[in-house]
> 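Shown below is the structure under consideration.
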Protein chains: 2
Amino acid sequence: MADVAERAGVSTSTVSRTLRGLSTVSPEVRARVEQAARELDFAVSRHAASLVTGRTRNVAVLVPTLDSWFMGAALSGLALVLRAAGMELTVYVIPGMAERTAFFERLPARRNADALLVFSFDLTEEETARLDDLAMPVVYVSQHVAGRPSVYVDDVAGAVHGTRHLLNLGHRRIAHVRTVGADGFSFSSQERLTGYRQALTEAGLPLDDDLVVDTPPGDKRGAAEAVGRLLGLREPPTAVFAEQDEVAVAVIWTLRATRIEVPGQMSVAGFDDQPVAQWFDLTTVAQSPSRIGREAGELALSLIDEPDADRERHLVLPTHVIPRATTAPPPAPRNAPESRLPPD
Amino acid sequence: MADVAERAGVSTSTVSRTLRGLSTVSPEVRARVEQAARELDFAVSRHAASLVTGRTRNVAVLVPTLDSWFMGAALSGLALVLRAAGMELTVYVIPGMAERTAFFERLPARRNADALLVFSFDLTEEETARLDDLAMPVVYVSQHVAGRPSVYVDDVAGAVHGTRHLLNLGHRRIAHVRTVGADGFSFSSQERLTGYRQALTEAGLPLDDDLVVDTPPGDKRGAAEAVGRLLGLREPPTAVFAEQDEVAVAVIWTLRATRIEVPGQMSVAGFDDQPVAQWFDLTTVAQSPSRIGREAGELALSLIDEPDADRERHLVLPTHVIPRATTAPPPAPRNAPESRLPPD
DNA sequence: GTGAAAGCGCTAACAA
DNA sequence: TTGTTAGCGCTTTCAC
């Protein structure tokens, strides 16, 4: 910066003021400084600037992986918002328990970012408390954390609508296939189960635990087993509401391999609307991770500017059912009393 | 850090030395300092440290998007390597031409990272030159840049093997569907076409330009048109080698919708082996973006430590064909002279 | 509207 | 082995 100052014949203060766009610089001086900066290919060192301002112009995110449709889309949305605000994005990827422990022990984001977005973890009380004394805004994404700003999709309502879609088609035996990961059921997983149950109850149907089966995510074999269990039931379902599109696709795969037609003999609906849903023409409950990312980014930015605003804000994003080709009325429709069904 | 020093009854220098793990600290003092640091939840400000060391302990990546299978996997691999080295990762997402211009104009990574990884852009000479005077190692990923360190997959060889797989099944009319984006054909696109042609030529087959058709990526309609063109040919192909799995899937989709059996009447192979390939049981040429990310990260780290080593290193990663259920011998096999085919 | 000077939190010489 | 001191490159008073 000293070089630029010298070349423009001004002090470094003036260069600083010019480059930050402060209006207290005369036009001629501004022009001279800008030209000098351009000629010298000068870029301000964020580090030095942070040191004195205390702001890093950097937002950190904590994610379990980068390698998923959801995270890719969410971070793309977030990146968009951050770039528009002149903020940079640093990513902490925490794939396993060891890394997670290390992260919460050292909290490396401390002082090196203006805000932290925590994606898709089901945090313990301790971890949340640890983040509380981070002295920076923390936004929780894809999870509800009481008293802290959160952004998430309305999984319960989504599952209700997805299930209702099947009910409205006339299905009465509707199964739910959910995923169980290394850490047990995720938060979304539980919410979607709740929604599924709620829709059935609303429709006056009994909750049959045999109709709820588990599978590891992204595992054909697991899905095959789950489907096998459902087909082995005395009264098998006529429709499956899967917790995620990937599971739905695996279910469809298994059914077709077993020569059971979808949707002719069995309807299948998913949740997410990720690209694979289009390839399979899958009926699904759509959410927008990219919007989640954007909203979370904007919330973080607003918290950076006004640390006290929105401190407890929960932003709940909507879903919508996209009917496609994997759901249809059941093969032998029973004479269901339509009046008892709430509208889809 | 002053607080920690006071609490431990030492100078800040000693705290600094301790926290950086220098061995010139006596065990008792080290213990006191570490305890004090823990009690105060102290984390070193990377900014202040960078200011004096000139090293940021941060690696920047320039990516066109985060929202793709390839980038997700590649960045996950990269993140792994970086975390192990205690480096942080900042991501610049440049989705469009405007952002790209802005990036190369301002070069915001300058002085704010120890290395830059440039993913999947076909850079112009100017842009490359611009990165040259960035005063930090720049690693080019998924592209060949003469005289600069690069990491990429061997697209030509991959396409050769993919095409040979079809040749070995007995196909003689093999089409190639490639993608054309907003910026024209990508580098990989061209390489894969080259490999396709090379395999045909090796097999003594003529190159028929009618067998090479274009489609926008991820667009069912475009794929349908492309397939239509191929089927309308006087002598239609018996197999399609698609530039990417997504295109292959779209092609299969169209074929099946047209009641053309895959692989019974038409074989289809892809390139990438992304998850959707498994769902469709797609024969494909597999590459490992996660490995690409790891290798690129390691190359960058080595360049940071030894700026002069490996300056021109090109790391070319292998691919392999995964035969699955979408390829089979052609419906009416001609009596092809097997001896002329190179081994797969 | 501009400059001089102090200092942000750290590390790296140098002394002790 | 430890402490003292001088800056790293910037922003921010405070004068002018």
Side-chain angles (χ1 to χ4, degrees), chain A residues 1-37 40-58 86 88 106-114 134-136, chain B residues 1-37 40-58 86 88 106-114 134-136:
Chain A
M1 186 174 264
D3 295 349
V4 177
E6 193 182 2
R7 190 179 193 103
V10 295
S11 71
T12 58
S13 321
T14 301
V15 174
S16 172
R17 283 189 274 254
T18 306
L19 266 29
R20 279 176 299 144
L22 301 195
S23 54
T24 64
V25 181
S26 72
E28 318 109 71
V29 172
R30 166 172 298 279
R32 275 216 315 279
V33 171
E34 280 172 349
Q35 167 148 13
L40 273 68
D41 258 335
F42 176 80
V44 170
S45 159
R46 290 192 167 208
H47 298 294
S50 307
L51 201 52
V52 32
T53 59
R55 291 193 42 174
T56 63
R57 304 203 61 74
N58 185 42
E88 300 198 336
R106 314 203 46 261
L107 252 25
R110 181 194 297 278
R111 301 214 279 157
N112 295 304
D114 296 338
L134 205 41
M136 65 169 101
Chain B
M1 186 174 268
D3 294 350
V4 178
E6 192 181 3
R7 190 178 193 104
V10 295
S11 71
T12 58
S13 320
T14 301
V15 174
S16 171
R17 283 191 274 255
T18 306
L19 267 28
R20 278 177 298 148
L22 300 194
S23 54
T24 63
V25 181
S26 73
E28 319 108 72
V29 173
R30 165 173 299 278
R32 278 215 314 280
V33 171
E34 280 171 350
Q35 168 148 12
L40 272 68
D41 259 336
F42 177 78
V44 171
S45 159
R46 291 191 165 211
H47 299 295
S50 306
L51 202 52
V52 34
T53 60
R55 292 194 40 173
T56 63
R57 303 204 62 75
N58 184 43
E88 301 199 334
R106 311 204 48 260
L107 249 27
R110 181 193 298 276
R111 303 213 275 159
N112 295 304
D114 295 338
L134 206 41
M136 67 169 99

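Convention: sequence-line order gives letters A, B, ...; per-chain numbering from 1.
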> Just so I know, are the side chains of Phe42(B) and Arg7(B) near enough to count as touching, which here means a heavy-atom distance under 4.5 Å?
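Sidechains of Arg7(B) and Phe42(B): no contact.
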
> So how far off straight is the helix from dG1(C)-dC16(D) to dA16(C)-dT1(D), going by the axes through five pairs at either end, to 10°?
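Axis-to-axis angle, ends of the helix: 30°.
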
> Can you sort out the partners of Asp3(A) under side-chain hydrogen bond (donor to acceptor under 3.5 Å, both in side chains), two or more places apart, ordered by chain and number?
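Applying side-chain hydrogen bond (donor to acceptor under 3.5 Å, both in side chains) to Asp3(A) gives none.
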
> Please identify each residue that fulfils side-chain hydrogen bond (donor to acceptor under 3.5 Å, both in side chains) with Arg20(A), with sequence neighbours left out.
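Result, side-chain hydrogen bond (donor to acceptor under 3.5 Å, both in side chains) vs Arg20(A): Ser16(A).
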
> With a 4.0 angstrom cut-off to heavy atoms of chain A, pull out the first and last contacting nucleotide of DNA chain D, in 5'-to-3' order.
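Extent of the interface on DNA chain D: dG9(D) to dT12(D).
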
> Is Thr14(B) touching bases, backbone alone, or none of the nucleic acid, heavy atoms closer than 4.0 Å?
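Sugar-phosphate contact only - Thr14(B) comes under 4.0 Å of backbone atoms but never of a base.
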
> Can you list every side chain to side chain donor-acceptor pair (under 3.5 Å) pair that touches residues 40-49 of chain B, not counting sequence neighbours?
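Qualifying pairs: His47(A)-His47(B), Arg130(A)-Asp41(B).
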
> State which residues pass salt bridge (Lys or Arg N to Asp or Glu O under 4.0 Å) with Arg30(B); sequence neighbours excluded, sorted by chain then number.
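Arg30(B) satisfies salt bridge (Lys or Arg N to Asp or Glu O under 4.0 Å) with Glu34(B) only.
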
> Who passes side-chain hydrogen bond (donor to acceptor under 3.5 Å, both in side chains) against Ser11(B), sequence neighbours left out?
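Listed in chain order: Thr14(B).
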
> Looking at residues at least two apart in the chain, or sitting in another chain, which of them share a salt bridge (Lys or Arg N to Asp or Glu O under 4.0 Å) with Arg57(B)?
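Arg57(B): no salt bridge (Lys or Arg N to Asp or Glu O under 4.0 Å) contacts found.
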
> Would you please name every residue forming a side-chain hydrogen bond (donor to acceptor under 3.5 Å, both in side chains) with Gln35(A), sequence neighbours left out?
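Expected list: Glu39(A).
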
> Taking C-beta and beyond as the side chain, do Leu107(B) and Leu134(B) meet within less than 4.5 Å on heavy atoms?
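Touching, per the 4.5 Å side-chain cut-off.
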
> Among residues at least two apart in sequence or on other chains, which ones pass salt bridge (Lys or Arg N to Asp or Glu O under 4.0 Å) with Arg17(A)?
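Residues passing salt bridge (Lys or Arg N to Asp or Glu O under 4.0 Å) with Arg17(A): none at all.
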
> At under 4.0 Å between heavy atoms, which parts of nucleotides 9-14 of chain C does protein reach? Answer with one letter per nucleotide, 5' to 3': B base, S sugar-phosphate only, - none.
BBBBB-

